[in-house]
Peer 1: 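Got a structure here, written out as structure tokens. Questions coming.
Throughout, numbering of the chain's residues begins at 1 and tracks the sequence. Note that ligands are numbered from 1 as they come in the structure, with each ligand's atoms numbered from 1 the same way.
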Amino acid sequence: MFNEYTSKRQKMVETQLIPRGIKDPRVIEAMRKVPRHLFLDEALWPEAYEDHPVPIGEKQTISQPFIVAIMTEALQLKGREKILEVGTGSGYQAAILAELADQVYSIERLPSIAKRARKILDQLKYSNIVITIGDGTLGWKEHSPYDGIIVTAASPYAPNTLLEQLTIGGRLIIPLGDEFTQDLTLYIKETKDNYNKESYGGCRFVKLIGEKGWKE
Ligand code: SAM
């Protein structure tokens, strides 16, 4: 259905993503398609396509559109991948991943947030996203190994549990730093014990709280 949000979404892509270097046509297409406002409370719909994170309750946020795009692009998805997301939040990033990969597993520590995400993802008929409630710093061994892992909360270091659950050639994108500022860091698993590391620039996320993250 075409509405005012459809044109806001196209403008978001044209003004916030393409000029800042997002190039992957599949990522651009997914960002043009997924109705980001529906992942927010209706009172916040007018802010949905602005260039900043937006609150989703319980002191958590939906990430800024550019951050969603750059983290997704870093995974270099072709369509057949199995992906793990740590930090389901609103469910929006999971929907973008589900457009671009075969299967998405997503872990959220807060039950009320996970429930809300599931509801909207069901309404939008995303049948290739499985959500569980738990500590994502431990990964989700049962479905591993993953071709890509995306951590959407700030971590002091890259948990070894997540690195271990990557395929050879798999990619982990994670914001690393302190609680105020982080560096988006990409790990590419070259062999069982060797990782190539690249920086994707500064960002600011809420804290990853768990056994291999921050303590509450
Ligand atoms: N990807 C989300 C989206 O598209 O809306 C944004 C995620 S929000 C910035 C970070 C989320 O990570 C919060 O919902 C928070 O509860 C969750 N979180 C923090 N620590 C976690 C952990 N150890 N395991 C799973 N989720 C965690």
Side-chain angles (χ1 to χ4, degrees), residues 9 12 27 30-31 33-41 44-45 47-50 52-75 83-101 104-121 124 126 129-141 143 146 148-162 165 172-177 179-182 184 202-216:
R9 197 153 61 243
M12 168 192 88
V27 173
M31 300 285 300
K33 178 178 168 191
V34 178
R36 179 175 162 94
H37 60 287
L38 297 181
F39 292 81
L40 297 172
D41 280 344
L44 292 171
W45 285 7
E47 283 185 50
Y49 297 98
E50 289 180 11
H52 54 72
V54 182
I56 56 169
E58 305 237 21
K59 300 196 189 127
Q60 306 302 325
T61 53
I62 182 173
S63 307
Q64 179 191 7
F66 173 66
I67 293 292
V68 174
I70 194 172
M71 291 181 85
T72 307
E73 191 170 68
L75 295 178
I83 303 296
L84 176 68
E85 177 189 31
V86 176
T88 313
S90 67
Y92 173 68
Q93 171 77 74
I96 295 285
L97 294 167
E99 292 285 337
L100 300 171
V104 178
Y105 294 95
S106 185
I107 312 177
E108 170 57 54
R109 66 181 277 273
L110 299 174
S112 63
I113 296 257
K115 197 171 159 200
R116 219 165 142 260
R118 180 74 269 166
K119 193 170 166 204
I120 180 64
L121 290 168
L124 294 173
Y126 282 103
I129 302 173
V130 182
I131 298 176
T132 192
I133 295 161
D135 178 4
T137 68
L138 303 176
W140 194 348
K141 191 132 199 320
H143 303 292
Y146 301 97
I149 301 181
I150 181 166
V151 181
T152 61
S155 183
Y157 59 91
N160 62 331
T161 34
L162 298 182
Q165 289 177 29
L172 163 71
I173 181 94
I174 180 167
L176 294 183
E179 62 182 290
F180 304 109
T181 163
Q182 305 96 33
L184 271 182
C203 57
R204 184 172 182 171
F205 274 86
V206 296
K207 284 202 281 185
L208 180 74
I209 296 171
E211 196 176 315
K212 292 182 183 277
W214 298 97
K215 304 298 161 228
E216 228 167 317

Peer 1: In this structure, does ligand 1 have an atom that sits under 4.0 Å from one of the heavy atoms of Gly134?
Peer 2: yes
Peer 1: With a heavy-atom distance limit of 4.0 Å, tell me whether Arg109 approaches ligand 1 through its side chain, its backbone, both, or neither.
Peer 2: both
Peer 1: Judged by non-hydrogen atoms, does Lys207 sit under 4.0 Å from ligand 1?
Peer 2: yes
Peer 1: Among all protein non-hydrogen atoms, which one is nearest to atom 5 (O) of ligand 1, and what is the separation to 0.1 Å?
Peer 2: Ser90 OG, 2.6 Å
Peer 1: Which bit of Leu110 gets closer than 4.0 Å to ligand 1, counting heavy atoms only: side chain, backbone, both or neither?
Peer 2: side chain
Peer 1: Are any of the heavy atoms in Thr88 under 4.0 Å away from ligand 1?
Peer 2: yes
Peer 1: For atom 23 (N) of ligand 1, what is the closest protein heavy atom, and at what distance to 0.1 Å?
Peer 2: Ile209 O, 2.7 Å
Peer 1: Could you identify the single nearest non-hydrogen protein atom to atom 16 (O) of ligand 1 and state the distance to 0.1 Å?
Peer 2: Glu108 OE2, 2.6 Å
Peer 1: How about NZ on Lys215, more than 12 heavy atoms from neighbouring residues, nucleotides or ligands closer than 6.0 Å, or not?
Peer 2: yes
Peer 1: How close does the nearest protein non-hydrogen atom get to atom 10 (C) of ligand 1, and which residue and atom is it?
Peer 2: Thr152 O, 3.2 Å
Peer 1: Side chains of Thr137 and Ser155, heavy atoms from C-beta outward: is any pair under 4.5 Å?
Peer 2: no
Peer 1: Any idea which protein heavy atom is nearest atom 6 (C) of ligand 1, and the distance to it?
Peer 2: Thr61 O, 3.4 Å
